[in-house]
Amino acid sequence: MRIEPFELERWQSVWENKVELNISESGVQPLTTAELVGDEAALQRILEVPLGYPQTNGSEELRRRIADFYPGARTENVLVTCGASEANYVSTWALLDLGDEVVLMLPNYMQIRGTANSMGVTVKPLWLRENLSWGIDVDELARLVTVKTKLIAICNPNNPTGATLSPDHCDAIVRVAAKVGAWILADEVYRGAEFDGKTTPSFWGTYERVLCTGGFSKAFALPGLRTGWVVGPPAMVERLWGYHDYTSIGPTMLTDRLAAFALEPKRREWVLSRTRSILNRNYPVLRDWLAAHANVFSHVLPRAGAIGWAGLRVGGNSAAMAEELRTKKGVLLVPGEYLGMKSYVRFGFGGHVEHLQKALERVAEWLDESAR
Ligand SMILES: Cc1ncc(COP(=O)(O)O)c(C=O)c1O
């Protein structure tokens, strides 16, 4: 099997710790273990956890707390994974075979496209449309889905647009999937990071062939836990566990404990409200900056996530711009090509606000200099 480079991950992992101003992240300022755990006694209990092998599909307690996030789900519906990435990977690996077709929402985090391409699966893009506030065209969806469609893969809330699907669009996806018996893989890793605190409805419970992936990296501000999950019908979750035996075996003892801690009901609310306050404090800085540069960028207000997606009005490929910003201004943002649309850029606004302001000032300087 030949894999294609995962450009976004390479771009970030090579440069994010080398640049002065990193605004390529899609999450908020991460929590420390001490902030998460809070009191000394609880911290001490964490330190005393023996570092043996954990329950490899996730402890009962952690799976119960994850299930609480999905109406009607139970522990047998949950497999704990190493990030949403592993959840997406084992799901794609288990569901797809050479010659299948997958209908993939784009723009998107490109993991499923890369995995499907490496498996010899045909990827048919379902484009989000800027003129529909980054919604889908339901007629186009109906045309794309055929008897060969094994999977419809969506990301809701979406990375990079920050848009969420309307209830009508969710219904349309379920309807066309059911018509041909396709699975829906809903990557919901940004669920819980809505600006207005109204949690995006999950695809869970809408249809019997649904897998929902999620994790702690975005709304929960804990990307370093490397913990995620997939929620699905018990027989499929059992099957995915078999794939997970080959990928990571299980979470670590510490991450399982810390993740269960983060999902204690009161703590979960505290973590999510912290994320919301960062989003609501920082987004206006980016929004006003983009409004001041509306001659250069188009922008549709996001609903969730610490990411602003902006289109270059002149068109072209933003990769050269991103490279110049990195080398000349020490600013790392994400060229849209790495998310499926080359004339766009993604600004991450979830870090320290002063850092964001400084990075945007540098981008403005670069724009001025290149206009001269
Ligand atoms: C849509 C989407 N899915 C999955 C991931 C990977 O998440 P994790 O850190 O939980 O592996 C990302 C990371 O940016 C993402 O944006």
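Whatever order the structure lists them in is the order used to number ligands and atoms, beginning at 1.
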Original post:
Heavy-atom contact under 4.0 Å between Tyr190 and ligand 1?
Top reply: yes
**OP:** Decide, yes or no, whether a salt bridge links Glu369 with Lys328 under the criterion of side-chain N to carboxylate O below 4.0 Å.
**Re:** no
**OP:** May I ask you to establish whether Arg191 and Phe69 are in a cation-pi arrangement, using a distance under 6.0 Å from NZ or CZ to the six-membered ring centre and at most 45° from the ring axis?
**Re:** yes
Original post:
Should Glu86 be listed as contacting ligand 1, given a heavy-atom distance under 4.0 Å as the test?
Top reply: no
Original post:
Is Gln111 touching ligand 1 with its side chain, its backbone, both, or neither, if touching means heavy atoms under 4.0 Å apart?
Top reply: neither
Original post:
Where on Cys155 is there a heavy atom closer than 4.0 Å to ligand 1, on the side chain, on the backbone, on both, or on neither?
Top reply: side chain
Original post:
Mind checking whether Pro223 has a heavy atom under 4.0 Å from ligand 1?
Top reply: no
**OP:** Answer yes or no for Arg326 and Trp15: cation-pi contact, defined as NZ/CZ to six-membered ring centre under 6.0 Å and angle to ring axis within 45°.
**Re:** yes
Subject >> Closest approach of Thr115 to Ser118 (non-hydrogen atoms, all atoms of both residues) >> reply: O-OG, 2.7 Å
Original post:
Would you say Gly228 touches ligand 1, if touching means a heavy atom closer than 4.0 Å?
Top reply: no
**OP:** Using a strict 4.0 Å cut-off to heavy atoms of Val189, name the atoms of ligand 1 that fall inside it.
**Re:** 1 (C), 2 (C), 3 (N), 15 (C)
Original post:
Going by the atom numbers of ligand 1, which of them fall below 4.0 Å from some non-hydrogen atom of Asp187?
Top reply: 1 (C), 2 (C), 3 (N), 4 (C)
Original post:
Do Arg303 and Asp196 sit within salt-bridge range, that is, some charged N less than 4.0 Å from a carboxylate O?
Top reply: yes
**OP:** Classify the side-chain pair Arg63/Asn77 by whether it contains a donor and acceptor separated by less than 3.5 Å.
**Re:** no
Original post:
Should the pair Arg65 and Phe261 be classed as cation-pi, given the thresholds of under 6.0 Å to the six-membered ring centre and 45° from the axis?
Top reply: no
Original post:
Could a heavy atom of Gly215 be found less than 4.0 Å from some atom of ligand 1?
Top reply: no
Original post:
Salt bridge between Arg226 and Glu86, side-chain N to carboxylate O under 4.0 Å?
Top reply: no
Subject >> Arg226, portion touching ligand 1 at heavy-atom distance under 4.0 Å >> reply: side chain
Original post:
Where's the contact between Ala84 and ligand 1, heavy-atom distance under 4.0 Å: side chain, backbone, both or neither?
Top reply: both
